[in-house]
Amino acid sequence: MAIKVATDATFEQEVLHNDKPVVVDFWAAWCGPCKLVAPEMEKIAAKYDGAIDVVKVDVDANPGLSRAFNIMSIPTIAFFAPGKQPMGVVGFRPMEQLETQFNLSSFPKVAAEAAAAAETASDADTTAASDAA
């Protein structure tokens, strides 16, 4: 899954009106620790593909969002679950800490579940074929 980029103009649609939970990385190009966060966001996007969206917001290019969410330090990683108050952490965190902090494992991993279901169906077909023989 690709990481999306949100702006002052698209944030409401990409994050606030999203029917899935969203992890938002508030960052800036000049921020050293922000560069460490990027690979962790890639890991989350891959692991939770289809279940959780990952969005990046450049705070320099989108000052309205920085003000709206009171972003005073970056990187700030925020978690928006539909119908709940957003949660956030400041500074670099490895993926595992973000998973724990935001309880990401409680969200179904749609891609993983689909793959497991396909494998189970394939196993059932193989068993049925051998039973028929």
Which pairs pass disulfide (SG to SG under 2.5 Å) with one or both residues in [range], sequence neighbours excluded?
range           : answer
residues 54-93  : none
residues 67-107 : none
residues 34-107 : Cys31-Cys34

Mind checking whether [X] and [Y] sit in one hydrophobic cluster, side chains of I, L, V, M, F, W, Y counted as touching below 4.5 Å?
X     : Y      : result
Leu36 : Ile3   : yes
Val22 : Phe69  : yes
Val55 : Leu104 : no
Phe11 : Ile74  : yes
Leu65 : Val54  : no

- Should side-chain heavy atoms under 4.5 Å link Ile, Leu, Val, Met, Phe, Trp and Tyr, which residues sit in the same cluster as Trp27?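 Noted: Trp27 shares its cluster with no other residue.
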Contact check, side chains of [X] and [Y], non-hydrogen atoms, under 4.5 Å:
X     : Y      : result
Glu14 : Asp53  : no
Val23 : Ile52  : yes
Tyr48 : Glu99  : yes
Ile77 : Phe102 : yes
Phe79 : Leu98  : no

- Do you know which two heavy atoms are closest between Lys56 and Ala38, and how far apart they sit?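 Looks like NZ-CB, 4.3 Å.
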- Message: Ignoring hydrogens, what is the shortest heavy-atom contact between Ala51 and Pro21? Give both atom names and the distance.
- Response: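 Heavy-atom minimum between the residues: O-CD, 3.4 Å.
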- Using the side chain to side chain contact (heavy atoms under 4.5 Å, CB included) rule, take Ser105 and Asn103 through it: C-alpha gap first, then chi angles, then the decisive distance, then the call. CA-CA 6 Å; Ser105 62; Asn103 197 23; 4.0 Å; yes
For residues 57-64, please give each side-chain donor-acceptor pair under 3.5 Å, one per line with the distance, not counting sequence neighbours.
unit_1, atom_1, unit_2, atom_2, d
Asp58, OD1, Asp60, N, 3.0
Asp58, OD1, Ala61, N, 3.4
Asp60, OD2, Trp30, NE1, 2.6
Asn62, OD1, Asp8, N, 2.8
Asn62, ND2, Asp58, O, 2.9

Return a table of donor-acceptor pairs under 3.5 angstrom between the side chains of residues 87-96 and protein atoms on other chains or two or more places apart.
unit_1, atom_1, unit_2, atom_2, d
Arg93, NH1, Val90, O, 2.9

